[in-house]
Participant: 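Mind looking over this structure? Questions follow.
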Amino acid sequence: MAVYHLKTPLAEQDVRQLKIGDTVYLSGRVFTGRSRIHRYIFDEGNSLPFSVESANAMIHVGPIVTRRGGKWNLVSFMPTSSLRFEKWGAASVEAWKLRMIVGKTTMGKKTMEMMRSFGCVHVSPQSVSPNLWLNSIEILGVELFEELGSIEASWQLKLDELGPFIVDIDAMGNNLFETMDESIGKARDAALEKMGLPEDFSPTRLY
């Protein structure tokens, strides 16, 4: 698998070259988006109060941020599950012209179809500690803080080689998790056959 070091704003060719399983490190401007900002824009009819032209990558994250001495201080940062935003996934890619979404797990068919059409990928973190990244993230500002609160507000960030991320949905419509599920299913069937167990075998329940 290939390793890429990318910087926003991402061009279509930047993401079209990525394949599931590739590793990505990301630099440049990005913004955060959780449930509330999607609802605020797409369900409640408000306008996005900032330009995404130079920041066409969104992170599904609610960072923990404190304010000391007039300065924002990032305390903890780890992307959350992207599947919970599937309702707005396709709309966000199209409306905000996203080339990359960063989050955990995967996304659904509608979002994947829009990603393939527009040229966008989904990447997931390969690390498990949210505090390993703090020195790679600079807070540039925050939007909709009063309206949405600290966790759900859209934080404007500048990244410096943030990663590693693994590409789990590429711009060709391939999904790493679906591929893994298929591979695991075949391995399970082969194991059951080798042990002489029926296909509907399930472990004994202890409670």
Participant: Is the backbone of Lys158 close enough, under 3.5 Å, to the side chain of Asp160 for a donor and an acceptor to pair up by distance?
Facilitator: no
Participant: Does Arg36 pair with Glu44 as a salt bridge, N-O distance under 4.0 Å?
Facilitator: yes
Participant: Minimum heavy-atom separation for Leu162 and Phe165, please, with both atom names.
Facilitator: O-CE1, 3.2 Å
Participant: When you measure from the side chain of Ser154 to the backbone N and O of Glu143, does any donor-acceptor pair fall under 3.5 Å?
Facilitator: no
Participant: Tell me if a side-chain donor or acceptor on Ser27 pairs with a main-chain N or O of Glu161 at a distance below 3.5 Å.
Facilitator: yes
Participant: For residues Gly119 and Ala171, report the shortest heavy-atom separation together with the two atoms involved.
Facilitator: CA-CB, 4.3 Å
Participant: Pick from Thr80, Leu83, Thr32: which one makes a side-chain contact (heavy atoms from CB on, under 4.5 Å) with His60?
Facilitator: Thr80
Participant: Flag yes if more than 12 heavy atoms outside Arg68 fall under 6.0 Å of its CZ atom; otherwise flag no.
Facilitator: no
Participant: Working note: Arg67 + Trp72, criterion side-chain contact (heavy atoms from CB on, under 4.5 Å); need CA distance, chi angles, decisive distance, verdict.
Facilitator: CA-CA 5 Å; Arg67 183 84 166 173; Trp72 296 112; 2.9 Å; yes
Participant: Checking Asp168 side chain against Ser124 main chain: does a donor-acceptor pair fall under 3.5 Å?
Facilitator: yes
Participant: Say whether, by atom type as modelled, one donor and one acceptor occur between the side chain of Glu86 and the main chain of Gly108 under 3.5 angstrom.
Facilitator: yes
Participant: Quick one: pull up CG in Asn174 and CD1 in Ile169 and give me the separation to the nearest 0.5 Å.
Facilitator: 10.0 Å
Participant: When you compare the side chain of Ile37 with that of Leu48, does any pair of heavy atoms fall below 4.5 Å?
Facilitator: yes
Participant: If you compare all heavy atoms of Pro79 against all heavy atoms of Gly103, which two are closest, and at what distance to 0.1 Å?
Facilitator: CB-CA, 3.8 Å
Participant: When you measure from the side chain of Trp155 to the backbone of Ser150, do you find a donor-acceptor pair of N or O atoms at a distance under 3.5 Å?
Facilitator: yes
Participant: Give a yes or no on whether Trp133 and Val65 share a hydrophobic cluster (residues Ile, Leu, Val, Met, Phe, Trp, Tyr; joining criterion: side-chain heavy atoms under 4.5 Å apart).
Facilitator: yes
Participant: When hydrophobic residues are tied together by side-chain contacts of less than 4.5 Å, even through go-betweens, does Ile139 share a cluster with Leu134?
Facilitator: yes
Participant: Rounded to the nearest 0.5 Å, what separation is found between the CE atom of Met112 and the NZ atom of Lys109?
Facilitator: 4.5 Å
Participant: How long is the span from the CG atom in Asn46 to the CG atom in Leu144, to the nearest 0.5 Å?
Facilitator: 8.0 Å
Participant: So Glu152 and Ser35, side-chain hydrogen bond (donor to acceptor under 3.5 Å, both in side chains) or not? Walk me through it.
Facilitator: CA-CA 7 Å; Glu152 299 285 342; Ser35 303; 5.1 Å; no
Participant: So which of Asn56, Val167, Val24, Thr8 actually passes side-chain contact (heavy atoms from CB on, under 4.5 Å) with Met100?
Facilitator: Val24
Participant: Pair Arg34, Arg84 - check side-chain contact (heavy atoms from CB on, under 4.5 Å), show working.
Facilitator: CA-CA 9 Å; Arg34 280 173 56 96; Arg84 54 195 287 220; 3.7 Å; yes
Participant: Check whether any side-chain heavy atom of Glu53 sits under 4.5 Å from a side-chain heavy atom of Pro9, and report yes or no.
Facilitator: no
Participant: Please find the pair of heavy atoms, one from Met107 and one from Thr111, that lie closest to each other, and give the distance.
Facilitator: SD-CG2, 3.8 Å
Participant: Roughly how far apart are Ile166 CD1 and His122 NE2, rounded to 0.5 Å?
Facilitator: 12.0 Å
Participant: Can you get from Trp88 to Met115 by hopping between Ile, Leu, Val, Met, Phe, Trp and Tyr side chains that sit under 4.5 Å apart?
Facilitator: yes
Participant: Identify whether Tyr40 and Phe50 are in the same connected component of the hydrophobic contact network (ILVMFWY, side-chain heavy atoms under 4.5 Å).
Facilitator: yes
Participant: Would Leu10 end up clustered with Tyr4 when hydrophobic side chains under 4.5 Å apart are linked, directly or stepwise?
Facilitator: yes
Participant: Donor-acceptor pair, Asp22 side chain versus Ala2 backbone, under 3.5 Å?
Facilitator: yes
Participant: Measuring only between side-chain heavy atoms, which start at C-beta, is Cys120 closer than 4.5 Å to Met114?
Facilitator: no
Participant: Please determine whether side-chain contact (heavy atoms from CB on, under 4.5 Å) holds for the pair Leu159 and Ile137, giving the CA-CA distance in whole Å, both sets of side-chain angles, and the decisive distance to 0.1 Å.
Facilitator: CA-CA 5 Å; Leu159 309 182; Ile137 304 170; 4.0 Å; yes
Participant: side-chain contact (heavy atoms from CB on, under 4.5 Å) between Leu98 and Phe31: does it pass, once the steps are laid out?
Facilitator: CA-CA 11 Å; Leu98 298 176; Phe31 67 99; 3.9 Å; yes
Participant: Hey, does the side chain of Arg99 reach the backbone of Phe118 with a donor-acceptor pair shorter than 3.5 angstrom?
Facilitator: yes
Participant: Looking at every non-hydrogen atom in both residues, tell me the closest pair between Ile101 and Val93 and how far apart they are.
Facilitator: CD1-CG2, 3.9 Å
Participant: Is it true that, when you exclude Glu138 itself, more than 12 heavy atoms of the residues, nucleotides or ligands shown sit nearer than 6.0 Å to its CD?
Facilitator: yes
Participant: For Ile151 versus Pro63, what's the shortest heavy-atom pair and its separation?
Facilitator: CD1-O, 3.6 Å
Participant: Okay, side chain of Asp14, backbone of Gln17: is any donor-acceptor separation there less than 3.5 Å?
Facilitator: no
Participant: With rounding to the nearest 0.5 angstrom, report the NZ to NZ distance, Lys87 to Lys110.
Facilitator: 11.0 Å
